[in-house]
Amino acid sequence: NGTPSVHNSAMLAYSAPNTISSAKAMKLDQAIVVGSASELNNVVLKNMCSVIKIVVPDEVKAIKVAPSSGTLWDGASINLQTLTATQFPSASTKEITYTGAGETLVAGTYYIPFFPQQFTGGVMVGYTLDGTEYYWKEKKGNFIFQRNKLYDMGSLANWPQPEPKFAVEDL
C-alpha cells in the first residue's frame with residue numbers, strides 16, 4: 001500500500017499508508033514495512049518507525065492517531081546506510097486511521113506505526129464505537145517521537161467512557 005521508490009542503493013523515498021482497513025491485534029501491517037538487503041544472507045531488519053501501543057477492548061470500531069495541531073508526516077526519504085529519515089508532509093493527511101476488516105476491531109493489543117516526527121502542540125488518540133463519533137485522549141506538550149521507540153498508551157478500557165446517547169423517544 002505504500003509507494004516506495006529507490007533513488008540509489010542507499011536512499012529510498014516512501015509514503016506510508018495512513019488508513020489501515022484490515023488491522024489485526026498483535027500484527028504489524030506489512031504495508032508500512034520497508035526493507036533493504038544487498039543479498040539474502042544475514043538480512044537484518046531495522047525499524048524506521050515510531051510505534052504507539054494501545055490495548056483495545058470489545059466494541060471499538062476504529063482508532064485514530066493525530067497531532068493536536070499541524071501536519072502528520074507520512075512520507076520520508078530514508079537513508080538505508082545511516083538509518084536516518086527526512087520527513088515530508090502529506091498534502092491532506094491529518095491522522096492515521098486503524099479499522100478492522102469486519103464490523104469492529106477485535107479486542108487485543110494494536111501497534112500503530114508512523115514516521116518519527118515532532119508534535120509541537122501535543123498528540124491525540126481517539127476511538128469510536130459507532131464509526132462516526134470519536135472520543136479523544138490528548139496529551140499536551142512538545143513530543144518528539146523517535147524511530148525504533150514504543151510509546152504505550154495503555155488500554156482504552158481505562159479511558160473515560162462516552163456518555164450514553166439519548167433519543168427524543170427516550171424522554
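- Among all heavy-atom pairs drawn from Ile96 and Pro113, the shortest one is CD1-O, 3.9 Å.
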Report task. Show your reasoning for whether side-chain contact (heavy atoms from CB on, under 4.5 Å) applies to Val56 and Tyr127. Result -> CA-CA 9 Å; Val56 177; Tyr127 71 96; over 6 Å; no

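- Residues Tyr134, Trp136 make up the rest of the hydrophobic cluster containing Met124, defined by ILVMFWY side-chain heavy atoms closer than 4.5 Å, directly or through other members.
- Residues satisfying the side-chain hydrogen bond (donor to acceptor under 3.5 Å, both in side chains) criterion with Lys140, sequence neighbours excluded, are Glu138.
- A search for side-chain hydrogen bond (donor to acceptor under 3.5 Å, both in side chains) contacts involving Thr128 returns Asp130, not counting sequence neighbours.
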**Report entry** Residues Leu129, Val60; criterion side-chain contact (heavy atoms from CB on, under 4.5 Å); working and verdict
**Finding:** CA-CA 5 Å; Leu129 301 175; Val60 172; 4.2 Å; yes

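- By the ring-ring contact (aromatic ring centres under 6.0 Å, His included) test, Phe145 pairs with Phe114, Phe119, Tyr151, sequence neighbours left out.
- The minimum heavy-atom distance linking Ala107 with Asp58 is given by the pair CB-OD1, 3.2 Å.
- For Glu59, there are no side-chain hydrogen bond (donor to acceptor under 3.5 Å, both in side chains) partners, not counting sequence neighbours.
- In this structure, CD on Gln146 lies 11.0 Å from CD on Gln118, to the nearest 0.5 angstrom.
- Put simply, the side chain of Thr97 never gets that close to the backbone of Lys64: no donor and acceptor are under 3.5 Å apart.
- When all heavy atoms of Thr120 and Asn142 are compared, the pair lying nearest together is CA-OD1, 3.6 Å.
- From Leu150, atom CG reaches atom OH of Tyr111 across 6.5 Å, with rounding to the nearest 0.5 Å.
- How far OH of Tyr110 is from CD1 of Ile63: 7.0 Å, rounded to the nearest 0.5 Å.
- The structure places OH of Tyr98 at 10.5 Å from CD1 of Ile52, a figure rounded to the nearest 0.5 Å.
- Contact detail for Arg147 and Pro116: the closest heavy-atom pair is CB-CG, 3.4 Å.
- In terms of the side chain to side chain contact (heavy atoms under 4.5 Å, CB included) criterion, residue partners of Val55 (sequence neighbours excluded) are, by chain and number, Thr109, Ser155.
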